A.B. asks: 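I'd like to ask you about the structure that follows.
This structure is a prediction, so every number in the text was calculated from the model and none was measured.
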Amino acid sequence: MGGNGSTSRKVSFGLDENEKVTVMEGVKLSDDVLRRMRDSPGTDGAKPHKPPPSPKPTGPSPTEVQEEFRKNFERHQALVQEQLARLAQKERETAGTPSLGEMTPALLMEKGKAHEEQEKAKILNLDNYNQTSEQYNEAATRAEAHIRPRQTASVCTELQAKVLQCYRENPQQTLHCSGLARQYMACVQQAKKSSVTNHG
């Protein structure tokens, strides 16, 4: 078949009880040939042709697919329930408190207790603040009493002025002012000693 010397032949086929063609006039046909014969337009068959059976799926089985759909559905339902719960909570919060006529005695008592506790907490916080403020002011007053302000008076001002004038007059020859600078340093040291003796 298929060579130069081949002649064309007319082949007819039919389907057996399982609707499969396996033997035709003593010739065994392969599945590939059968598929081509079914797909060819001018074939003579006893029965209408049916498409070849689809190969078995290699993916998940129908039960696995159904199980996956069920899990996805349950996850989706849980998310929806969660969103509904959040919306209901927001709605309750925005609805406000019921009027006094709608409240039950137990609810009124509970609200009253909550209000009392809030007021007590405010009073405690205010007391705490006042007490802390008092303690701070007392500590500040004690610290001011222990710390005496230092009175700084200029000492040896005449000598200081002379030294500065000498440095201005002799910018290139500062050694000329060394005698005055020594007198000024001695005066400052004497003032320190007398300050320690008077205050200490």
A.B. asks: Using 0.5 Å steps for rounding, measure from the NZ atom of Lys162 to the CD atom of Gln183.
C.D. replies: 7.5 Å
A.B. asks: Kindly compute the distance separating OH (Tyr184) from CD (Gln189), expressed to the nearest 0.5 Å.
C.D. replies: 11.0 Å
A.B. asks: Does Gln77 have more than 12 heavy atoms from other residues, nucleotides or ligands lying within 6.0 Å of its CD?
C.D. replies: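 Enclosed: over 12 neighbouring heavy atoms sit under 6.0 Å from CD of Gln77.
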A.B. asks: If you count the non-hydrogen atoms of other residues, nucleotides and ligands that lie under 6.0 Å from CD in Glu110, is the total more than 12?
C.D. replies: no
A.B. asks: For the SG atom of Cys166 and the CD atom of Gln173, what is their distance to the nearest 0.5 Å?
C.D. replies: 10.0 Å
A.B. asks: Are any of the side-chain heavy atoms of His115 and Gln118 separated by less than 4.5 Å?
C.D. replies: yes
A.B. asks: Tell me whether Glu119 is salt-bridged to Lys122, with the criterion being a basic N under 4.0 Å from an acidic carboxylate O.
C.D. replies: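 A salt bridge is present here (some side-chain N lies under 4.0 Å from a carboxylate O).
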A.B. asks: What's the separation between atom CD in Gln165 and atom CG in Asn170, rounded to the nearest 0.5 Å?
C.D. replies: 10.0 Å
A.B. asks: Thinking salt bridges, do Glu82 and Arg86 make one under a 4.0 Å N-O criterion?
C.D. replies: yes
A.B. asks: Given side-chain contact (heavy atoms from CB on, under 4.5 Å), test Cys187 with Val155 step by step and report yes or no.
C.D. replies: CA-CA 8 Å; Cys187 180; Val155 291; 5.7 Å; no
A.B. asks: To the nearest 0.5 angstrom, please state how far the CG atom of Asn137 sits from the OG1 atom of Thr132.
C.D. replies: 11.0 Å
A.B. asks: Would you give the length of the straight line joining atom CG of Asn128 to atom CD1 of Ile123, rounded to the nearest 0.5 angstrom?
C.D. replies: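 Asn128 atom CG to Ile123 atom CD1 measures 13.5 Å (nearest 0.5 Å).
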A.B. asks: Asn72 and side-chain hydrogen bond (donor to acceptor under 3.5 Å, both in side chains): which single residue from Arg75, His76, Arg70 fits?
C.D. replies: Arg75
A.B. asks: Can you check whether Ala191's main-chain N or O pairs, donor with acceptor, with Ser194's side chain at less than 3.5 Å?
C.D. replies: yes
A.B. asks: Quick one: are Val163 and Gln160 in side-chain contact, heavy atoms under 4.5 Å?
C.D. replies: no
A.B. asks: Any salt bridge linking Glu117 with Lys113? Criterion: basic side-chain nitrogen under 4.0 Å from a carboxylate oxygen.
C.D. replies: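 Judged by the 4.0 Å cut-off on N to carboxylate O distance, Glu117 and Lys113 do not form a salt bridge.
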A.B. asks: Among the clusters formed by ILVMFWY side chains lying less than 4.5 Å apart, do Leu164 and Val188 turn up in the same one?
C.D. replies: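 Different clusters.
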